[in-house]
Amino acid sequence: MIETTIRNHAAQAINVLYSANVAPEHVIIQKTRKDFEGDFTINIFPFLKVSREKPDVTAEKIGNYLLEQIPELEDFNIIKGFLNIVVGNLFWTGFLSENYGNRQYGKQEKTAGRPVVIEYSSPNTNKPLHLGHVRNNLIGWSVAKILEANGNDVVKVNLVNDRGIHICKSMLAWEKWFMDASPDNTNIKGDKLVGECYVRFDQELKKEVAVLVADGMNKDDAEKNTPLMAAAQEMLQKWENNDPSVRELWKTMNAWVYQGFDVTYDRLGIYFDKIYYESDTFLIGKEIVREGLKMGILFKKEDGSIWAGLSGEGLDEKLLLRADGTSVYMTQDIGTAQLRYDEYHPVKLLYVVGNEQNYHFDVLKIILSMLGRKWAKDIVHVSYGMVELPHGKMKSREGTVVDADELMDNMYQTAESMAVELGKADELNKDEASQLFEMISLGALKYFILRVDPKKNMLFNPEESIDFNGNTGPFIQYTHARIHSLLKKAKSRGLKLYDGVFNGDVHPKEKEVIKLLYSYPEVIKDAAAQYSPSIVAAFVYDLAKEYNQFYQEISILREEDTDKAAFRLSLSHFTASVISSAMELLGIHVPEKM
RNA sequence: GGUCGCGUAGCUCAGUUGGAUAGAGCAGCAGCCUUCUAAGCUGCCGGUCGCAGGUUCGAAUCCUGCCGCGAUCACCA
């Protein structure tokens, strides 16, 4: 990194010129803003204390020192205490010639060692996947890709909540009102069918509650005392007792759900290395809790329930085992965390889970370290914000939940009609066209969601999400397709990429693009350190935008100087390659034609 | 009420460990296709960075208070 070189020498300059010690990491260096001449800028205000000179004088001295010491530097200028450094063109063209053919550019070599385990998706089996899950899945997938590019070995896992009272509600509803209905004979997607059962249960439950309330019972009591609720509870008991017929129905209905989920995951382009089922793992936290009790770390109340006291952390008490010995969510997470640790000995345990669970994960980490698990500090809650709709939050009761499958269908249709309108589909056969529409619509959706910082709540406006102009996925895809078409034409005319280091004039627009390409490895590192796909999204948009300006302003195939033309082709080729690489990190494919 | 988070252009979002004149897109207005894909490019319009203090050579960024919005504080997951 040339920045590092500059940084080190700048620190050295202070040392030599003013005999003061400045650590290289305290040198503030950044890209020069576009309105000034230069590539990198050093802010020299911090050095004035030791130089005891006017800003421009110190800047001048440091500038001269750097120019002497670093052969790649060409010039510098000083504006209001900012030292703008110009790196010579040969440095940039040399960088280009060395890297443009490298498909792996920007990515770190995989380091052998302990993996990162990342959990995402984590659906319940009583409802189809919706927009909230989509954000979760996209973030999880992209963070996994980014970490891989950063040299980590990554294990992608999913923990499916396949047991509990909610599934019993669906099962009960199926027995009562959907008997004999199956995905095959109704032609309804499995997860949707089970979701319908769940909704029906809720509706019928409301009716029963209304009757009880009319008889004078208060609402809270009524909700607990309906015949339906009692039946669901009873079914859960039977499930826990391994009742064969209940288990059979449970297996059948869950299998329907998984078939449905698979379709959705598949279309989203998402998969897992390992899927855990809560029905297999929900018991394993108990033993750890009992040990903690024995060791005196946890305590028992008179009713027999077991708790963690967190007052030392400024928090309250947390229940871990009920009086009847059954476990709660926290207990299960303690167990699955231990399970994962034992299986993989990961360097990090990531959980992509909504920010409404921030407190839960804080407590989980605290309890695990109380229990002596040193790896508790390696648990990272990749917390993401809610997706809101223009009318407010999604509410299943008000039917404002945006279904993942329908969302993708709608995006597809928009992509199709837009393409037809623009005449883009004319030369494509049916298969090619549908593949392209799928790629573009998913690109739009994924980019729309991933460009927002995960930590923040975001607004999902359906109209904006299907926009294909401006800061969007299709804009970037288009730029890639455009370059590809250019390269194809160049090839057919027998033009070659530049061989060696180009030594001619470099246009400012060309240099801008090269500088962006140069920063890609840092972008990946940053995104990995912050678990943030939005950093990659911002970068790739910048790159596409900058390239388009170059493309529009400077002709390539009509350039008569063949060296220049070849140089621009190399630059274009490299840009396309990095666009494709960065988009892959977001889980987005790019077309060669559109 | 306690804790945590958020508040930047009409709308959606960027804004690096505090640095130059706070940036994009959308929307609106005006232009650019006989020349490499116009899903593109150029220009204009648009800001009291919620408010008030403080720290600093310098604050959208750090601290304090206030206002507004959200999440959470379950023997739910």
Side-chain angles (χ1 to χ4, degrees), chain A residues 25-26 28 30-36 41 43-46 48-49 55 79-82 84 122 124 161 163-166 278 301 303 305 307 314-316 318-324 326-330 332-333 354-360 362-363 383 385-386 388 390 393 415 418-419 421-422 424 440 444 448 451-453 455-461 463-465 467-472 474-479 481-490 493 522 526 530 534-535 537-538 541-542 544-545 548-549 551-559 565 568-569 572 593-594:
Chain A
E25 54 271 25
H26 288 150
I28 298 167
Q30 56 201 307
K31 289 185 185 176
T32 303
R33 295 176 57 126
K34 273 189 191 161
D35 7 321
F36 302 101
T41 295
N43 185 337
I44 60 136
F45 277 101
L48 298 182
K49 267 186 200 145
I79 298 168
K80 287 165 70 181
F82 290 87
N84 299 320
S122 321
N124 290 348
N161 179 5
R163 58 167 283 278
I165 191 75
H166 44 280
E278 224 183 85
K301 291 198 175 178
D303 66 353
S305 54
W307 297 70
L315 302 172
D316 211 350
K318 184 75 196 175
L319 175 91
L320 295 177
L321 280 181
R322 297 186 185 100
D324 64 5
T326 55
S327 61
V328 293
Y329 180 41
M330 186 62 75
Q332 295 173 32
D333 265 359
N355 63 7
E356 75 272 17
Q357 293 194 33
N358 285 356
Y359 180 75
H360 173 80
D362 287 347
V363 172
S383 169
M386 300 289 97
E388 280 159 29
K393 297 181 64 177
M418 193 79 85
E421 200 179 300
L422 293 170
K424 299 278 186 181
I440 292 172
F448 186 83
R451 61 180 256 260
V452 181
D453 182 344
K455 289 192 289 290
K456 295 193 178 171
N457 287 356
M458 66 171 289
L459 187 95
F460 187 87
N461 186 331
E463 280 165 30
E464 283 177 26
S465 70
D467 202 338
F468 294 166
N469 302 314
N471 189 356
T472 65
F475 167 80
I476 299 162
Q477 290 172 317
Y478 173 72
T479 308
R482 209 181 207 188
I483 297 174
H484 198 270
S485 143
L486 176 79
L487 294 173
K488 205 172 143 194
K489 197 159 278 183
R493 294 187 191 175
E522 280 303 306
D526 251 32
Q530 297 181 49
S534 68
I535 294 174
Y541 170 65
D542 252 13
K545 190 177 150 63
N548 271 320
Q549 289 172 14
Y551 177 93
Q552 207 86 22
E553 205 168 309
I554 302 168
S555 59
I556 299 167
L557 298 181
R558 285 186 306 281
E559 173 61 54
R568 287 171 192 164
L569 284 173
S572 300
K593 243 201 273 183
M594 77 181 267

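Please read all numbers here as calculations on a predicted model, not as lab measurements.
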Interatomic distance at [atom1], [N] relative to [M], whole Å:
| N | M | atom1 | answer |
| --- | --- | --- | --- |
| rC13(B) | rU8(B) | C1' | 10 Å |
| rG40(B) | rC49(B) | P | 32 Å |
| rG46(B) | rC11(B) | C1' | 12 Å |
| rG25(B) | rA20(B) | C1' | 25 Å |
| rG31(B) | rA38(B) | C1' | 13 Å |
| rG2(B) | rU48(B) | P | 32 Å |
| rU21(B) | rC26(B) | P | 28 Å |
| rU56(B) | rG68(B) | C1' | 29 Å |

Between [N] ([atom2]) and [X] ([atom1]): distance, integer Å:
| X | N | atom1 | atom2 | answer |
| --- | --- | --- | --- | --- |
| Q552(A) | rG43(B) | CD | P | 12 Å |
| M458(A) | rG5(B) | CE | C1' | 17 Å |
| I28(A) | rU56(B) | CD1 | P | 18 Å |
| F45(A) | rA59(B) | CZ | P | 12 Å |
| L48(A) | rG19(B) | CG | P | 17 Å |
| M594(A) | rA38(B) | CE | C1' | 13 Å |
| R482(A) | rC36(B) | CZ | P | 10 Å |
| Q530(A) | rU16(B) | CD | C1' | 8 Å |

Using a heavy-atom cut-off of 4.0 Å across all strands, would you classify [X] as base, sugar-phosphate, or nothing?
| X | result |
| --- | --- |
| A490(A) | nothing |
| L459(A) | sugar-phosphate |
| T41(A) | base |

Could you work out, with salt bridge (charged side-chain N to carboxylate O under 4.0 Å, His left out) as the rule, every residue matching [X], not counting sequence neighbours?
| X | answer |
| --- | --- |
| R451(A) | none |
| D453(A) | K455(A) |
| K489(A) | none |

[X]: what forms a side chain to side chain donor-acceptor pair (under 3.5 Å) with it, not counting sequence neighbours?
| X | answer |
| --- | --- |
| K49(A) | none |
| S327(A) | none |
| S534(A) | S532(A) |

Both F460(A) and F36(A) contact RNA chain B. Which one's nearest nucleotide lies toward the 5' end? F460(A)

Nearest nucleotide by nearest heavy atom, which residue falls closer to the 5' end of RNA chain B, N358(A) or I554(A)? N358(A)

Contact letters for nucleotides 22-31 of chain B, in which S counts primed atoms plus P, OP1 and OP2 and B counts the base, heavy atoms under 4.0 Å: -SSSS-----

What string of B, S and - do you get for nucleotides 70-77 of chain B, 5' to 3', if B is base contact, S is sugar-phosphate-only contact and - is no contact with any protein heavy atom under 4.0 Å? -SS--BSB

Check: [X] side chain, [N] base, donor-acceptor under 3.5 Å:
| X | N | value |
| --- | --- | --- |
| K593(A) | rU37(B) | no |
| S534(A) | rA14(B) | no |
| N84(A) | rA20(B) | yes |

Hey, where does RNA chain B pair up into stems, meaning at least three consecutive Watson-Crick or G-U pairs with distances under 3.5 Å? B:1-7 with B:67-73, B:10-13 with B:23-26, B:28-32 with B:40-44, B:50-54 with B:62-66

NZ on K318(A) to NE2 on H360(A), rounded to 0.5 Å: 7.5 Å

Answer yes or no as to whether rA39(B) has its base stacked against F475(A), where stacking requires a ring-centre separation under 5.5 angstrom and planes under 30 degrees apart. no

Centroid distance under 5.5 Å and plane angle under 30°, F82(A) vs rA20(B): yes

For I28(A), what residues pass the side-chain contact (heavy atoms from CB on, under 4.5 Å) criterion, not counting sequence neighbours? Q30(A), N43(A), P46(A)

Contacts of N355(A) meeting side-chain contact (heavy atoms from CB on, under 4.5 Å) (sequence neighbours excluded), chain-then-number -> N358(A), S383(A), M386(A), N457(A)

S572(A) side-chain N/O to R568(A) backbone N/O, donor-acceptor pair under 3.5 Å: yes

Taking the minimum atom-to-atom distance to the side chain of K456(A), which one of rG40(B), rC36(B), rG7(B) wins? rG7(B)

Would you say [N] has OP1 or OP2 under 4.0 Å from some side-chain N or O of [X]?
| X | N | result |
| --- | --- | --- |
| S485(A) | rU37(B) | yes |
| K489(A) | rU37(B) | yes |
| K424(A) | rA38(B) | no |

I'd like to check Y478(A) versus K424(A) (side-chain heavy atoms, cut-off strictly below 4.5 Å). Are they in contact? yes

With sequence neighbours excluded, tell me which residues meet ring pair (Phe, Tyr, Trp, His ring centres under 6.0 Å) with F448(A). F460(A)

Could you check whether N548(A) and T479(A), counting side-chain N and O atoms only, form a donor-acceptor pair closer than 3.5 Å? yes

